[in-house]
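One structure is given here, and the rest of the page talks about it.
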There are 2 protein chains.
Amino acid sequence: MSDSTDLKKAGLKATLPRLKILGILEEPRARHMTAEDVYKALLDMGEEVGLATVYRVLTQFESAGLVIRHNFEGGRSVFEVNQGGHHDHVVCVECGEVFEFYDPAIEERQRRVAETLGFHVDSHSLYMYGTCLGMKREGKCSKRLIPGSGVPRERDGRG
Amino acid sequence: MSDSTDLKKAGLKATLPRLKILGILEEPRARHMTAEDVYKALLDMGEEVGLATVYRVLTQFESAGLVIRHNFEGGRSVFEVNQGGHHDHVVCVECGEVFEFYDPAIEERQRRVAETLGFHVDSHSLYMYGTCLGMKREGKCSKRLIPGSGVPRERDGRG
DNA sequence: TTTTGCATGGGAATCGTTCTAGTTTACACT
DNA sequence: AGTGTAAACTAGAACGATTCCCATGCAAAA
């Protein structure tokens with residue numbers, strides 16, 4: 001509801017597509033979505049928003065710092081709302097589940113490395129890819145598969 | 001020249017395109033190249049190799065563990081020869097330069113995090129994006145810009 | 001209410017990448 | 001060395017994700 005305030009603070013007009021998209025991303029269960037996911041969610045809500053608009057708005061949100069874009073394995077971008085606290089990601093390539101974590105020690109070491117190189121860091125990303133507990137144990141994940149949370153393993157099938 | 005042995009060890013026939021591509025990637029100055037870069041390098045050498053072949057071969061090399069694929073910001077993949085030692089990357093978004101580092105403490109913490117989650121890690125990647133010393137100081141980088149080493153900043157023209 | 005200008009939607013265009021079809025080559029076996 | 005066969009090759013079409021283009025829409029300013 002106060003989304004419109006967020007938008008204006010970010011220097012963006014509070015238009016309906018923008019409000020809807022931000023609303024979707026802010027749903028707790030929406031953690032990591034592709035542009036396509038957001039588009040489908042809009043269609044499901046009965047909103048007539050073009051895919052081009054979704055991409056445009058997501059990029060604007062990224063520039064404004066409202067969302068964070070991730071380039072997980074598989075090429076397509078996934079977005080999550082920027083809730084302030086930086087965190088890193090663990091992605092299950094079997095079920096697509098995404099876990100988040102924050103490790104101060106890792107952050108500190110990164111800072112140190114950058115400092116040594118005289119490098120000014122704008123952003124950094126740490127992803128771990130593998131198999132989650134649920135998939136290892138039962139071949140299925142206890143958590144539901146959020147569409148687009150990642151791309152289950154499949155790149156070439158072997159050439 | 002013993003590249004053909006490397007290929008056979010990896011279970012791949014020693015064809016001319018594969019030998020050439022591996023050769024290009026093994027040049028010390030070739031550190032991180034996109035498929036397009038490799039293709040252009042082949043053309044420059046006067047080799048008639050199709051772009052599709054480059055992509056196919058790179059994917060095969062990845063499957064065989066000969067090269068590592070990175071998904072830097074910007075969507076497109078970059079490849080580097082797998083020289084055994086894992087390392088992480090620092091990418092200058094101004095000049096495209098890529099620095100490498102290895103920090104045992106970070107690796108250890110990552111292992112710890114995965115363990116805590118009961119997560120089996122297949123691969124992990126850590127990238128830092130920002131501005132290198134050369135670009136900060138002089139607006140230019142002391143190192144030459146390897147084409148495709150990364151994608152100089154440009155996503156929306158707002159930053 | 002008219003003007004002004006950014007935002008939108010839909011489709012075409014573009015980019016990186018993969019697939020398809022038909023041809024050629026590497027390599028094991030005469 | 002000569003040959004058969006599976007694998008690899010090339011070019012170009014196809015593809016999915018994303019961006020561009022532009023006529024239309026709509027909201028704030030005049």
Side-chain angles (χ1 to χ4, degrees), chain A residues 4 7-8 10-22 33-40 42-43 46-64 67 69-79 147-148 150-152 154-159, chain B residues 3-22 33-40 42-43 46-64 66-67 69-79 147-148 150-152 154-158:
Chain A
S4 69
L7 287 175
K8 288 188 188 127
L12 296 167
K13 280 190 199 169
T15 66
L16 189 125
R18 299 215 260 237
L19 285 168
K20 291 293 179 187
I21 291 172
L22 190 52
M33 302 178 85
T34 63
E36 193 77 30
D37 293 332
V38 173
Y39 178 61
K40 288 199 185 115
L42 285 164
L43 294 188
E47 296 298 334
E48 299 232 339
V49 174
L51 183 54
T53 299
V54 173
Y55 276 105
R56 192 167 351 99
V57 168
L58 286 173
T59 301
Q60 290 164 342
F61 283 3
E62 185 195 10
S63 299
V67 308
R69 178 195 302 256
H70 295 288
N71 303 286
F72 287 164
E73 279 184 354
R76 77 195 84 175
S77 298
V78 306
F79 300 84
V151 187
E154 177 138 28
R155 192 192 294 296
D156 189 38
R158 247 248 80 171
Chain B
D3 287 2
S4 70
T5 320
D6 296 345
L7 287 175
K8 288 192 187 123
K9 253 190 294 184
L12 297 168
K13 280 190 196 171
T15 67
L16 190 127
R18 300 216 259 236
L19 285 168
K20 291 293 179 187
I21 291 171
L22 190 51
M33 303 178 84
T34 64
E36 193 78 29
D37 293 332
V38 173
Y39 178 60
K40 287 197 185 120
L42 286 164
L43 294 188
E47 296 298 334
E48 299 233 338
V49 174
L51 181 55
T53 299
V54 174
Y55 275 105
R56 188 165 2 90
V57 168
L58 286 173
T59 301
Q60 291 163 343
F61 283 3
E62 186 194 10
S63 299
L66 290 174
V67 308
R69 177 196 300 257
H70 295 289
N71 304 285
F72 287 165
E73 277 184 355
R76 76 195 85 174
S77 298
V78 307
F79 300 84
V151 187
E154 178 139 28
R155 194 194 294 296
D156 188 40
R158 242 232 72 175

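The chains referred to below are lettered A, B, ... by the order of the sequence lines, with proteins before strands, and numbering in each begins at 1.
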Problem set entry | Donor-acceptor pair between A/T34 and A/R76 side chains, under 3.5 angstrom | no
Problem set entry | Backbone N/O of A/Y55 and side chain of A/T59: donor-acceptor pair under 3.5 Å | yes
Exercise. Which residues satisfy the salt bridge (charged side-chain N to carboxylate O under 4.0 Å, His left out) test with A/K20, sequence neighbours excluded?
Worked result: A/E47
Problem set entry | side chain to side chain contact (heavy atoms under 4.5 Å, CB included) assessment of B/E36 paired with B/V54 | CA-CA 8 Å; B/E36 193 78 29; B/V54 174; over 6 Å; no
Exercise. If the sugar-phosphate is the primed atoms plus P, OP1 and OP2 and the base is the rest, what is the B/S/- string for nucleotides 6-13 of chain C, using protein heavy atoms under 4.0 Å?
Worked result: -SBBBB--
For this session: Find the distance A/F61:CZ to D/dT18:P and express it as a whole number of Å.
Result: 17 Å
Exercise. Are side-chain heavy atoms of A/R69 and A/F79 found at a separation under 4.5 Å?
Worked result: yes
Exercise. Are A/F61 and A/L12 close enough, and set up right, to give a side chain to side chain contact (heavy atoms under 4.5 Å, CB included), and what steps lead you there?
Worked result: CA-CA 9 Å; A/F61 283 3; A/L12 296 167; 3.8 Å; yes
For this session: Report the distance from atom CG of B/L22 to atom C1' of D/dA8, rounded to the nearest whole Å.
Result: 16 Å
Problem set entry | Backbone of A/L7 reached by a side-chain donor or acceptor of A/R18 within 3.5 Å | no
Seminar exercise, completed: B/L42 CG to D/dA11 P, in whole Å, measures 12 Å
Seminar exercise, completed: Partner of B/V49 under side chain to side chain contact (heavy atoms under 4.5 Å, CB included), picked from B/L42, B/V57, B/L43, is B/L42
Exercise. How many Å lie between CG on B/D37 and P on C/dT17, as a whole number?
Worked result: 10 Å
Name the pairs: protein N/O against N/O of nucleotides 15-17 of chain D, kept only if under 3.5 Å.
unit_1	atom_1	unit_2	atom_2	d
D/dA17	OP1	A/R76	NH1	2.9

